[in-house]
Amino acid sequence: MRAPKVGYLVSQYPAPSHTFIRREVAALRALGVAVETFSVRPGESLSDADRAEEARTFVVLARPRALTALRLLASALVMLARRPRRWLATLGWTVRHRLPGAGEGLRALAYFAEATRLARGLEARGVTHLHSHFSNAAAVVGLAAARLLGLGWSVTLHGNADFHGPTTPLLPAKLGEARFAAAVTRHGLAEALRLAGPGAAGQLHLVRCGIEPGLLPRPSRSPGGGRPLELLSVGRLSREKAQVGLVEAFAGLVARGVDARLVLIGAGPEEGRVRAAVAAHGLEARVELRGRQPEAAVLSAMAGADLFALSSLVEGLPVVLMEALALGLPVVAPAITGIPELVVDGETGLLFPAGDWGALAERLARLAGDAPLRARLAEAGRRRVLEEFDAARAAEPLVRLFREAHAPLGRPPLEPPR
């Protein structure tokens, strides 16, 4: 059996929030898997590594936008001429695989047009298996393209958007089509089983996302010295990330007499509310909003900070927690979804009940006043990341899964390949 050539499809690749996918792709290539990358929308690069990936990624809705409709129409006509039976069958499937409503029907037609262009890109690069990250609209495009070409398809499931998002009602049908489905947390495996039923257990696999420890900077924090304790948080400024609550908890920390400063890295729609919360607590001199930063700048900030805090109300298993722990940062995080699989309370970090800002302030104060505890948690957290969340090691199960998924299933194709 010839080795698979795997296509990786993401709604936007590369992207600042998808560095873990870039690392997974690099790890697979290092393990001998041929991987081609595909993105529905143009990528967004903030680092040299991202720019290198962007240059080699096929984009479905590529710029200039004025030519997009013509490209989609041409792709639809070419694929109709090449594979008429599959074209019609895939069109029917795409129209059926949608949420209720007339607007959703129109959206399904757009996804089908995008799938025909993606299919041409997959053909041109010789892809024999397609893998999607996230079960979202891009996954519909990917699965439709795979059906159009008669390729195997698989998916990695991450968190709230997959299990409690607008397209979640369609997830069981997608899992029924998948050669396999990976989840990055055990919590995600349980959610997938809940949605798809026990019959899907055999196709579900735990595949961690990971980081590249060897590429991280050296920690640069200096103990003591009379400087304020630096608390760092990284994430999009959005309601689900709850940075307004983090500011409230930080105010509680300062009220306890702790000399500290808070650095927030990230941008988003809640920036105005975050700044208003800072002003309301009189913390302008202690809180710095740095906006969105390149990957290297984020890691450098982690290397120099004293504590890392996550205030999210919903999450999967954030890569920023892995990076913080790998850099020797003691962390405080909410006890939700897959986070306790990494941050074990009292062992590799401290957990608090999500949304309880008083509890978050108490955990921060506890760490701020106990340097030996910070050191013990940081060391244990770093070991935990290196054992289970190294990107090279985390990608190893995918090599086997892709090879098994590439094996013939014995199902007759919709029409003979040409």
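Here, residue 1 is the first one in the sequence, and each next residue gets the next number. None of the values given here were measured: they were computed from a predicted structure.
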Can a salt bridge be assigned to the pair Asp306 and Arg227 using a cut-off of 4.0 Å between side-chain N and carboxylate O? yes
Check: Arg382 side chain, Leu377 main-chain N or O, donor-acceptor pair, under 3.5 Å: no
Those residues at least two apart in sequence (or on a different chain) that pass ring pair (Phe, Tyr, Trp, His ring centres under 6.0 Å) with Trp357 are none
Is any side-chain N of the basic residue among Arg82 and Glu123 closer than 4.0 Å to the acidic one's carboxylate O? yes
In sequence, state the C-alpha distance, the side-chain angles, and the governing distance for Val331 and Leu350, and then conclude on side chain to side chain contact (heavy atoms under 4.5 Å, CB included). CA-CA 6 Å; Val331 305; Leu350 297 183; over 6 Å; no
Measuring only between side-chain heavy atoms, which start at C-beta, is Pro169 closer than 4.5 Å to Leu99? yes
Do Ser238 and Glu270 meet the criterion of a side-chain donor-acceptor pair at a distance under 3.5 Å? no
Ring geometry between His129 and Phe180 (parallel below 30°, tilted from 30 to 60°, perpendicular above 60°): parallel
Distance-only, no hydrogens or angles: does the Ser300 side chain make a donor-acceptor pair with backbone N or O of Ala297 under 3.5 Å? no
For Ala113, does its backbone N or O pair with a side-chain atom of Ser75 as donor and acceptor, under 3.5 Å? no
So, do Asp259 and Leu229 sit near enough that their side-chain heavy atoms are less than 4.5 Å apart? no
NZ/NE/NH1/NH2 to OD/OE distance under 4.0 Å, Asp162 and Lys174: no
Write down the atom of Leu149, the atom of Ala119, and the distance for their closest heavy-atom approach. CD1-O, 3.5 Å
For the pair His97 and Trp93, name the ring-plane relationship: parallel under 30°, tilted 30 to 60°, perpendicular over 60°. parallel
When rounded to the nearest 0.5 angstrom, what is the spacing between CZ in Arg179 and CG in Leu151? 9.0 Å
Where the side chain of Arg236 meets the backbone of Pro269, is there a donor-acceptor pair that is under 3.5 Å apart? no
Measure the CD1-CG distance between Ile336 and Leu351 for me, rounded to the nearest 0.5 Å. 10.0 Å
Could you check Val127 against Val6 for side chain to side chain contact (heavy atoms under 4.5 Å, CB included), going step by step and ending with a plain yes or no? CA-CA 6 Å; Val127 169; Val6 179; over 6 Å; no
Could you check whether any side-chain heavy atom of Leu317 comes within less than 4.5 Å of a side-chain heavy atom of Leu342, counting everything from C-beta outward? yes
Mind checking what makes salt bridge (Lys or Arg N to Asp or Glu O under 4.0 Å) contact with Arg208, not counting sequence neighbours? Glu341, Glu388
Check whether any side-chain N or O of Arg261 sits under 3.5 Å from a backbone N or O of Val287 as a donor-acceptor pair, and report yes or no. no
Between Arg117 and Leu72, is there a donor-acceptor pair closer than 3.5 Å when you use the side chain of the first and the backbone of the second? no
When rounded to the nearest 0.5 angstrom, what is the spacing between CG in Leu157 and CG in Leu171? 5.5 Å
Of all heavy-atom pairs between Leu195 and Pro172, which one has the smallest distance, and what is that distance? O-CG, 3.4 Å
Within 6.0 angstrom of Arg194 CZ, more than 12 heavy atoms from elsewhere: yes
Does Ser154 reach the main-chain N or O of Ala181 with its side chain, forming a donor-acceptor pair under 3.5 Å? no
Determine, step by step, whether Phe402 and His131 satisfy the ring-ring contact (aromatic ring centres under 6.0 Å, His included) criterion, reporting the C-alpha distance in whole Å, the side-chain angles of both residues, the deciding distance to 0.1 Å, and the verdict. CA-CA 9 Å; Phe402 284 136; His131 186 76; 5.4 Å; yes
If you count every heavy atom of other residues, nucleotides or ligands that lies below 6.0 Å from Arg256 atom CZ, does the total exceed 12? yes
Counting C-beta onward and ignoring hydrogens, is there a side-chain heavy-atom pair between Pro213 and Asp390 closer than 4.5 Å? yes
For the backbone of Lys241 and the side chain of Ser311, can you confirm whether one donor and one acceptor N or O come within less than 3.5 Å of each other? yes
Spacing of Arg41 atom CZ and Glu114 atom CD [to the nearest 0.5 Å]: 10.0 Å
Check this for me: does any side-chain nitrogen of one of Arg292 and Glu44 sit under 4.0 Å from a carboxylate oxygen of the other? yes
Would you say the side chains of Thr57 and Thr37 form a donor-acceptor pair under 3.5 Å? yes
Trace of the side chain to side chain contact (heavy atoms under 4.5 Å, CB included) decision for Val78 with Arg120: CA-CA 9 Å; Val78 168; Arg120 294 190 70 190; 3.9 Å; yes
Side chain Thr90, main chain Trp87, donor-acceptor under 3.5 Å: no
Between Gly188 and Phe163, which heavy-atom pair has the shortest distance, and what is it? O-CZ, 3.4 Å
In Leu262, Leu264, Val263, Ile265, the residue satisfying side-chain contact (heavy atoms from CB on, under 4.5 Å) with Leu289 is Leu264
Test salt bridge (Lys or Arg N to Asp or Glu O under 4.0 Å) applied to Arg400 - qualifying residues, sequence neighbours left out: Glu404
Is the CZ atom of Arg51 crowded by more than 12 outside heavy atoms at less than 6.0 Å? yes
Just to verify, what does His187 make a ring pair (Phe, Tyr, Trp, His ring centres under 6.0 Å) with, not counting sequence neighbours? none
Test item: Val40 and Gln12 side chains (from C-beta on) under 4.5 Å apart, heavy atoms: no
Audit row: Arg393, Glu396, salt bridge (Lys or Arg N to Asp or Glu O under 4.0 Å) steps and yes/no: CA-CA 6 Å; Arg393 184 177 300 174; Glu396 290 175 356; 5.8 Å; no
Phe38 ring centre to Arg125 NZ or CZ under 6.0 Å, with the angle to the axis within 45°? yes
Under the ring pair (Phe, Tyr, Trp, His ring centres under 6.0 Å) test, which residues partner His18, sequence neighbours left out? Phe134
Would Arg275 and Glu271 pass as an ion pair if we require N to O under 4.0 Å? yes
Side chain to side chain, Phe389 and Cys209, heavy atoms closer than 4.5 Å: no
Compare all side-chain heavy atoms of Ser39 with those of Val10 and state whether any distance is below 4.5 angstrom. no
From Glu24 CD over to Leu398 CG, what is the distance, rounded to the nearest 0.5 angstrom? 5.0 Å
Could you verify whether a donor N or O on one side chain and an acceptor N or O on the other, from Tyr8 and Glu36, lie under 3.5 Å apart? no
Using 0.5 Å steps for rounding, measure from the CG atom of Leu310 to the CG atom of Leu232. 10.5 Å
Spell out, as yes or no, whether a donor-acceptor pair under 3.5 Å connects the side chain of Arg86 to the backbone of Arg147. yes
Considering only NZ, NE, NH1 and NH2 on the basic side and carboxylate oxygens on the acidic side, decide whether Glu295 and Arg23 come within less than 4.0 Å. yes
Apply side chain to side chain contact (heavy atoms under 4.5 Å, CB included) to the pair Val399 and Leu28, showing each step before the final yes or no. CA-CA 7 Å; Val399 177; Leu28 286 169; 4.0 Å; yes
Do the non-hydrogen side-chain atoms of Ser312 and Ile339 ever get within less than 4.5 Å of each other? no
Looking at residues at least two apart in the chain, or sitting in another chain, which of them share a ring pair (Phe, Tyr, Trp, His ring centres under 6.0 Å) with Phe20? His158
